[in-house]
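Here the structure is laid out as structure tokens; the discussion comes afterwards.
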Protein chains: 2
Amino acid sequence: MHITDAERKIMECLWQNHPATSTELGESLESATGWRQGTVKALLNRLLNKGAIEAERVGRGYRYSPAVSREHCVSEASQRFLARWFDGRLAPLVAHLSDHRQINRQELEEIKALIEELEDES
Amino acid sequence: MHITDAERKIMECLWQNHPATSTELGESLESATGWRQGTVKALLNRLLNKGAIEAERVGRGYRYSPAVSREHCVSEASQRFLARWFDGRLAPLVAHLSDHRQINRQELEEIKALIEELEDES
DNA sequence: GGCTTGGGTTTACGTCTGTAATCGAATTCA
DNA sequence: TGAATTCGATTACAGACGTAAACCCAAGCC
């Protein structure tokens, strides 16, 4: 299941709020991205074809819902990204970001606290 | 500067070992990816056009070298990835991977040690 | 029953990607 | 010097992507 970036925007809407009609989605996305309704509809169909969303007929139209979780997509994207650039590991990413001043002290602190918490609870 | 995945494979070769002739690259990549020489050459030209590599004429052929550092590309790719999925932040990625058992105890330990080291040295 | 209208479906189209064949120039070999 | 080989440049082409216009159908309105 590979979600493209335009498709991801649709999914973000649906993950946040579902089921939703194409009109609702169209309105959200028109203001957020400037896409026309037809664009949204076409993307919905691509997502349907690849099984990323489900449609349930309600009267004249459909209600769309995600068929894959955000968690699942995030996992796939993370694995792909880490595999490509960091040999599948996370530590080198942390090192890289900190070497290049792309992460601040506070966030590092937050991560450390998070790790400690994870260790405690297990 | 957006490097596609096929292009990235060429770049990885060049970052590791440059300058290199297209024949050398072709040989490395043929065994690693199964690409024909022509494929490699076409990708080299795309990379030249987008300024990601440089070519220096040597006799009949060229020597290619990276014009952008791996570091730079990694930074860009990391920013893009984190922005897409984690609101640009790293901590939620750590949380996600650990929640989904996609990172082991040992690597978390390694990251914690890394952070402590960074704090000490500054 | 025709006309409008709010969906939905199909088709389109330019760009990007991955992969390669083809063409052309240069070099080498007979 | 003509043929064969090498290497690079150009062109190709199918599939994915972003974006949208065109078309079609059911439901309500006059």
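Sequence lines set the chain letters: A, B, ... in the order given, protein chains first and strands last, and positions in each chain run from 1.
Atom CG in B:L47 sits about 15 Å away from atom P in D:dG8, given to the nearest Å. Protein atom CH2 of A:W35 is 9 Å distant from nucleotide atom P of D:dA20, rounded to whole Å. Here C:dT15 presents its C1' atom at 12 Å from NZ of B:K50, a figure rounded to the nearest Å. If you measure from atom CD1 of A:I10 to atom P of D:dT19, you get 10 Å, rounded to the nearest angstrom. For the pair A:D5 CG and C:dT17 P, the computed distance is 13 Å after rounding to whole Å. At whole-Å resolution of the value, CZ in A:R8 and C1' in D:dA16 are 17 Å apart. Rounded to whole angstrom, the span from the CZ atom of B:R36 across to the P atom of C:dT22 amounts to 14 Å. With rounding to whole Å, B:L25 atom CG is found 14 Å from D:dC7 atom C1'.
When the side-chain nitrogen and oxygen atoms of B:H2 are compared with OP1 and OP2 of C:dT17, one or more of them lie within a distance under 4.0 Å. The side chain of B:T39 places no N or O atom within less than 4.0 Å of a non-bridging phosphate oxygen (OP1 or OP2) of C:dG18.
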Base-contact (B) and sugar-phosphate-only (S) positions in nucleotides 5-13 of chain C, heavy-atom cut-off under 4.0 Å, - elsewhere: --SSBB-B-
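For the residue pair B:S22 and B:Q37, no side-chain donor N or O sits within less than 3.5 Å of a side-chain acceptor on the partner.
At a threshold of 4.5 Å between non-hydrogen side-chain atoms, the residues A:H96 and A:W85 do not count as touching. Within the 4.5 Å cutoff, the side chain of A:I111 has no heavy atoms near those of the B:K112 side chain. With a 4.5 Å cut-off on side-chain heavy atoms, B:I3 and B:I10 do not count as touching.
In the set C:dA20, D:dC17, C:dG18, C:dG18 carries the atom at the smallest distance from any side-chain atom of B:T4.
Under 4.0 Å is where a charged nitrogen must lie from a carboxylate oxygen, and between B:E7 and B:R46 no such pair does.
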Test side chain to side chain donor-acceptor pair (under 3.5 Å) on B:Q102 and A:S78 and set out the steps. CA-CA 10 Å; B:Q102 282 163 349; A:S78 303; 5.8 Å; no
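Checked by atom type and distance alone, the side chain of B:N104 pairs as donor or acceptor with a backbone atom of B:Q106 at under 3.5 Å.
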